[in-house]
Amino acid sequence: MTEQTPVIALKDIRISFGAVAAVKGVSLEIAPGQVVGLIGENGAGKSTLLKIITGIHQPDGGTIEVNGAPVRFRGPRDAIAAGVGVVHQEQSLFTNLSVAENVEMNTKPGKGGVGRAGFYRWGRLNRDAAETLAKIGSKLDPRTKVGDLSFVDRQMVEIARAIRVQTRDGGQPLVILDEPTSVLERTETAILEREIGKLREVGSVIFVSHRLDEVMRICDRVLVMRDGELIADRPVQDVTEAELFRLMVGREARAESRERHAPAADERPVLEVRGLSRRGEYDDVSFRVFAGRLTAVVGTSGSGREALSRALFGAEPFDRGQILLDGAAVSDWSIPKAVKAGVGYVPAERRVEGMVGGLTAAENLTLTHPGASSAGGVLRPGRRNKTTQEWFDALQVRPNDISLELERFSGGNQQKVVLAKWLTSQNLRLLVLDHPLRGLDPGASQIVNAQIRRACDNGTAVVLLADTLEEALEMGDDIIVMRDGEAAAHYDLVAENPSTLDLLERML
Amino acid sequence: TSTAGATGGAAQPVAKEDLVLVASVINTTNPYMASNIAGAEALSKKLDIPLEIVDSNGSSQTEISKIQAILAKGKKVVLFVNTVASSDAPTIVNAVKQAGGFVTIWWNKPDNLDPAQVGDNFVAFQKIPGVESGKCNADALGEALGGTGNVVMLPGVQDSTTSQTRVAGFKAQMAEKYPGITILEERPSNWDPQLGYKNSQDLIAKYGDTIDGVWSADDAMQTGSMKAFKDAGLLDTTKFASDGLYPDTIASMESGEGNNAIVGETFHRGYMASAVGLYTAYLAATGEITPSELPQEKRDSLFALSCVTPDTLGDFSGYDAEDGPEKFVDSLIENGPWDTDPMKLIGGGPEVLPGS
Amino acid sequence: MNAFAAVEDRTTVADDPSRVAKRSRPRAHRVWQTVGPPVIFVVMLIVVAALTPAFLGGGGLTIIAASAAPILLVALGQALVLHIGSIDLSNAAIALLGAILLALTLSSIGPVAPLVILAIVTVCGALNGLLVAFAQVPSFALTLGTLGIYSAAALVTSGATTVYVASGGEAVAALYATGIVGIPLTFWLGVVVAVLLWAMLRFTRLGLGMTAVGRNESGAIFSAVRTRWIKVIAFSLSGFTAGLAAITIIAQAGSASPTGLGSDLLLPAIAAAIVGGTSISGGATNPINVVFGALTVALVPIATAALGIDAQAQSLVYGVVIIAVVALTMTRTRGSIVK
Amino acid sequence: MTDTTTRPPAADTTTIRTREHQIARRTRFAGWGEPVALVAAMVVLVVVFSLLNPRFATFGNLQNILDQATVPLIVGVGATLVILLGSIDLSVEGVMGASGMAWILLSANSRGGLDLGPWAWVVALAVGAALGWVSGLIFTRLKVPSFIVTLGIWYVGLGVATILFGTSAIPTLTDDSLSTLSSQTALGLPNGFLLAVGVVVLGVLLLRYTRFGRLTLAIGDNEAIARSAGMPVARIKTAVFIVAGVLSGLAGIIATMKLGAGSATVGTGTLFLVIPAVVIGGTSLGGGRGGILRTVLGVFLLTVLSNGLILSGVSPSFQSAVSGAILVAAIVAAAWSQRNRLRIAK
Ligand SMILES: Nc1ncnc2c1ncn2[C@@H]1O[C@H](COP(=O)(O)OP(=O)(O)OP(=O)(O)O)[C@@H](O)[C@H]1O
Ligand SMILES: Nc1ncnc2c1ncn2[C@@H]1O[C@H](COP(=O)(O)OP(=O)(O)OP(=O)(O)O)[C@@H](O)[C@H]1O
Ligand SMILES: [Mg+2]
Ligand SMILES: [Mg+2]
């Protein structure tokens, strides 16, 4: 490695929340211009470590040096002043403000577009923002409201804001990206990957992702965290994905393959979609899903597949066409009706739509299908707890406490509960999954995938909007490629074997 | 068990040391209410009995429960209540009766609540007749306008009997004696000067300078109304009449503001009401009078009010001197509650609305 | 099944000290959340009793309870609406309208009048709920509008004057005149309703649904909770308890008027709900504690009178005490956002 | 360097981006619907009222409406800022009472006493600022919801006014030039209204061109993000409450001046006029969305309505019903097109 002064050097950083040691003595150095990957399971302490570097948390012990000088961050302001910019795991833009304002959010009064007395010089502000955006190859109009932007563009704005940060001597910033790609589609990730690659000209980068292939492509070096400790630090050339998986999770990755089977000739599909259309979203989409089969729908973010999946669940209306469940066309479709008919849905926006975070795990699990846990509208907590405990044990939910509010669980564990909520149904005919693995670490992903397979094996028809094409190819029996609201291609994986390249070609 | 257990205190005379005077007012910032308090204070000083003020803050519930709270403290209460709403009277009277105190209610009570039927603890209901007040104003306005013209009316809170009686008196007198005067419109203004101001602005916009006269149910609203006419430059050509002769009304009349805009007023004072009310109850408490032996008109009483015109204004200025309340109390103790100038008993209630 | 096997070697229930740590703080919170409102009320009562010993002996509690009764009933409905994350600014006006209608009808239709009135006010509440749920408008603005409508209805039906119960009001009046341990039945009515609502929130699917809507409405919609009907029900119940408040008003006063008893219940009732620990942002309500909230809110003005605080200073004291009490009883989670 | 063999094919993403920009453009115009509908509603009201009473559409009545809009406009600017934070300020009537009373007692009035001249304004505005500051402090430091803090401060303000008022006679302004200052016209417009216009313009500039204004919007949109970005959240919130307090105080002075007499309840009715005006204007009670000019529209809609109802002779008993019904109709109409089964409206 180089002899340059590291942009940041951590020594023995520690932090605990109550009795939880979230970060236990981490030391690391990052050289200028380096792109470093940081991986680890959900709850390994990645975000916490980054929050220390960005001044949000104050460590219980250890030292931080920036460009060779020891620093103490009392708050995010200090970190920003020292040249640490961050894209947080959760989206952190003001959607009611313009792109320029968001990019220039950390500009101090008296600098750039913000006058000394706090007056805005919009022209200067917009120019500065456009300049910064140009550095990462974005041509966004700085006057656009962030609320009107797509996810990728928002992410670009976040990155622009992060690199807008400068060190005191005008030196290069350290840019921290905490899972910037987890909410993005495959193609969007491609855009972002390209830009992140270029960031090494702007500064150094710490990049967190659960997608190991991505980390391998973008980064120079990979750090692996486990249970609050840094357990590996390797140049990417020296590791393989499988090795990283083993380091993170502590066991071998297991390639699980499904036994795909074609439906019988006279079998009636569980779900049949006929010429379904919604203006501005999707147009004339038809497909069929049989019991025990999984149809993966792939497409870019404008392809209309989200709206389609929501229509199946009755969450959004459609204009024309038909949805048939077990041969019968649905009418006046709504969520309560869909649920009654045996449709389940795992939304992509887990925290907002997928669960009621303020209720306990047990309450969430039985909110939709009270089944035996309620009689005549009266709850039976005993039954409920028993059911919940069974699922907790089966899905290895951690912590194993069914009376904890669901918002206190990690993302992966939340997703297990959200999925279990539907699996408790006695007559689950159709399960619609919108990015069920979003933000999950590979270990948790495996458990969730196993549950999806099990549901299939039990005769449920599944519609899956996968995060990646690889996932779609691995899990699906059928693949529908959507482009600009139309079903552009259909592959039956029992018969065909398309490559990711084939799929991409059809998507664009 | 029952909360209405006690059957009410018999009219046993109470020693002066065990008494407390209580004056309940609707708020403390209206000049009439402030005057109520001044009268109670003067009497308390004179009789050397402690005084507590209840501020109802415009709320019946606050009024009732604060009075009950004071009753609960055990001292025998001599109470004057300027009721927030007439419907509060029965509840208050019952509570006082149970606690063995003595109460006079002023201004508002339901017509069918008869002190004689309740017993000695409800010493009296007293008021100044609203119909008379309305008639006084109608005469003043009618004369000032020479029997022709257009008038707008600003009543108080709509469901207040005080306002209703004044409105009825005013309308009846106008209809009877001044057929040439048209009442253009009524806009209840809730005893509120702001609302008097705003409603007057809108009425000016609606009728312009065709409005010749404005009647308000009290001086607070008239203050607002006059200000609106002044701001519109119409004060000099409009005549006003109202009830209460507030100090700033006197000032306006004396200065001849707006080409002698104020043509008619009525005179009565808050301090007189509270002093008379409290003193009547005090006499009952100390056994100097026995309510059940009083004639009906002294239980449900109407007191004289004086019609005031710019010419007779001088007769009343003495009552607003610094020592006005003290002097009145002295005279009250000398002459008794029913015979003190300028507010002598003129007859019994309930007040009859014209035409009914 | 082998998916399970694949992960069996992972540390199960690993970092479990976390559970203890994460829960200890909230637990202290929860205890205070439950005992805070009664403790505050009792402490204030003790202070008042110590300063004016005669007050409590003279039936002070009866007075407080009687004046708390209508506040409590309106506050309970408000608490439910707050629980689903909305607010009902019209329910006090509904109570007044109910009282006027009751006073008008008691003599003509007799004992069924209360039932008829309860039905009418429940429909008034339901109307709010239907508009909020199906037109999807913010409840604050909507109920501000219906507040105007219901107030006007009260003014017009009463003929802008006081309506006295001519006859047939004995049974209703008995609710105020009769007491258990010296506390009038009107208050006990509120307590019974509080307990029922508490049980509803805790032990029924409807209650769970309400909590879900209050905590995260989107999540509730996607969980197939009938969020719209739940809103309608919450607002209907708000109208219903306002109707019960109307009965207590008639029981106490025997009459009703647009500016008389019960015409100023809105803000005290909201204050009572919040002093009783109801979160203004929804999802946290304990109807039992609303009882103590109402008692506290009723106690403050009574105490200022009992203590003989200068009349001029009473509204200042009221303002300060309400802020202080809420500051004491509120549940705060670190870093949480207060609006 | 990285192993390039695993890189994906360089995806051509232009089609996606074009489509996204189209969507963005479409949504950009979505925000215009509401103000346009409001203006339309206003036009309808004006036409209807003019038909009902020709005096409605006269210059004199316009002046009258402008005069009546003065106080709600001034208070509305502060209320909008507070609501943009996602909070609410119920204390306006109390603050108006306290400031108005302080002002008149320190100006040339019938009670005599001090006449501080222009300094009376400073003191009275300082009273407003102080009450706003206390609200802000309790709200941000003790984390009591603004709804309750300002409810309490409402009573506190009334209490201050009551104590200042004391028990003597009503203080009235003795200087006619002072008492008619607000209603006198310059260029045909009432002075008070011109002041309100000044306040509105300052408010708009504050919100558009200053860090204070932009941070207010940011906090209203998402306070958690604002905090983690190291913004001075508590300071800004407190400052907004101070501004609102000062504006309520100013409105109290104007109202007192218009009346020519001191009254603790000089603010009566302002709150339930201003909050609906802000809401009708389309400023979201959740914070972050809306603006002062929208509130101006809302204030004018309500002022025209109340004036028009009197001019067209609607019975006073029905006035609150008609206003209420129009408020309901306005918000339902505004929300109708956005109805969607997933939309959340609290
Ligand atoms: N503010 C906090 N209070 C208590 N515990 C916390 C807090 N923040 C994080 N933790 C705990 O610290 C541990 C590390 O969490 P962290 O968010 O850093 O994980 P992560 O590696 O970023 O996970 P993910 O991949 O899901 O983003 C977890 O057990 C988490 O529950
Ligand atoms: N969140 C929900 N809670 C309860 N019921 C719901 C919910 N969503 C939908 N419904 C029910 O489903 C039915 C149809 O819903 P909705 O009216 O939204 O359909 P739509 O036709 O798509 O809407 P729109 O009429 O606006 O086009 C309604 O009758 C409603 O009762
Ligand atoms: Mg993380
Ligand atoms: Mg429909």
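Computed from heavy atoms alone, side chains included, the values below leave out hydrogens, waters and symmetry copies. Naming convention: chains lettered A, B, ... in sequence-line order (proteins, then strands); numbering from 1 in each chain. Just so you know, these numbers come straight off a predicted model, no measurement behind them.
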Discussion item. Let me confirm one number: the CD1-OG distance from C:Ile149 to D:Ser323, rounded to the nearest 0.5 Å.
Written reply: 9.5 Å
Fill in: For C:Ala152 against D:Ser317, the heavy-atom pair lying closest together
CB-O, 3.5 Å
Discussion item. Within the structure provided, determine whether C:Val320 and D:Tyr155 are in side-chain contact (heavy-atom separation under 4.5 Å).
Written reply: no
Worksheet item: Measuring from C:Phe140:CZ to D:Phe147:CZ, what's the distance to the nearest 0.5 Å?
Response: 6.0 Å
Item to complete: Give the member of D:Val332, D:Ile138, D:Ile148 that has the highest number of heavy-atom pairs under 4.5 Å with chain C.
Response: D:Ile148
Fill in: Contacting moiety of C:Ile280, where chain D heavy atoms sit under 4.5 Å
side chain
Worksheet item: Contact part of C:Val156 toward chain D, heavy-atom cut-off under 4.5 Å: side chain, backbone, both or neither?
Response: side chain
Worksheet item: Among C:Leu267, C:Val132, C:Leu147, which residue forms the greatest number of heavy-atom pairs with chain D at distances under 4.5 Å?
Response: C:Leu267
Worksheet entry | Euclidean distance, C:Ser315 OG relative to D:Ile163 CD1, rounded to 0.5 Å | 7.5 Å
Discussion item. With a 4.5 angstrom heavy-atom cut-off, is it the side chain or the backbone of C:Leu131 that approaches chain D, or both, or neither?
Written reply: side chain
Worksheet item: Does C:Leu155 reach the side chain of D:Phe318, with side-chain heavy atoms less than 4.5 Å apart?
Response: no
Fill in: Option in C:Ala324, C:Ser86, C:Ala135, C:Ala133 with maximal non-hydrogen atom pairs under 4.5 Å from chain D
C:Ala135
Worksheet, complete the sentence: Output for pair (D:Ile331 CD1, C:Gln136 CD), nearest 0.5 Å, gives 13.0 Å
Item to complete: With rounding to the nearest 0.5 Å, note down the distance linking CG in D:Leu158 to CG in C:Leu316.
Response: 9.5 Å
Worksheet item: Is any residue of residues 268-276 of chain D within less than 4.5 Å of chain C by heavy atoms, and which ones?
Response: D:Phe272, D:Ile275, D:Pro276
Item to complete: Heavy-atom distances under 4.5 Å only: say whether C:Phe222 touches chain D with side chain, backbone, both or neither.
Response: side chain
Discussion item. Need one label for D:Ile88: side chain, backbone, both or neither, based on atoms under 4.5 Å from any heavy atom in chain C.
Written reply: side chain
Worksheet, complete the sentence: Interface check, chain D: of C:Leu144, C:Thr146, C:Val213, most non-hydrogen pairs under 4.5 Å belong to C:Leu144
Worksheet item: Which atom names give the shortest non-hydrogen contact between D:Val279 and C:Ala141, and what distance separates them?
Response: CG1-CB, 3.0 Å
Worksheet item: Is it the side chain or the backbone of D:Leu285 that comes within 4.5 Å of chain C heavy atoms, both, or neither?
Response: side chain
Discussion item. Tell me every residue that passes salt bridge (Lys or Arg N to Asp or Glu O under 4.0 Å) with C:Glu217, counting only those two or more places apart in sequence or in another chain.
Written reply: C:Lys231, D:Lys346
Item to complete: Could you tell me which portion of C:Ala160 (side chain, backbone, both or neither) has an atom closer than 4.5 angstrom to a non-hydrogen atom of chain D?
Response: neither
Fill in: C:Ile323 side chain reached by D:Ile153 side chain, heavy atoms, under 4.5 Å
yes
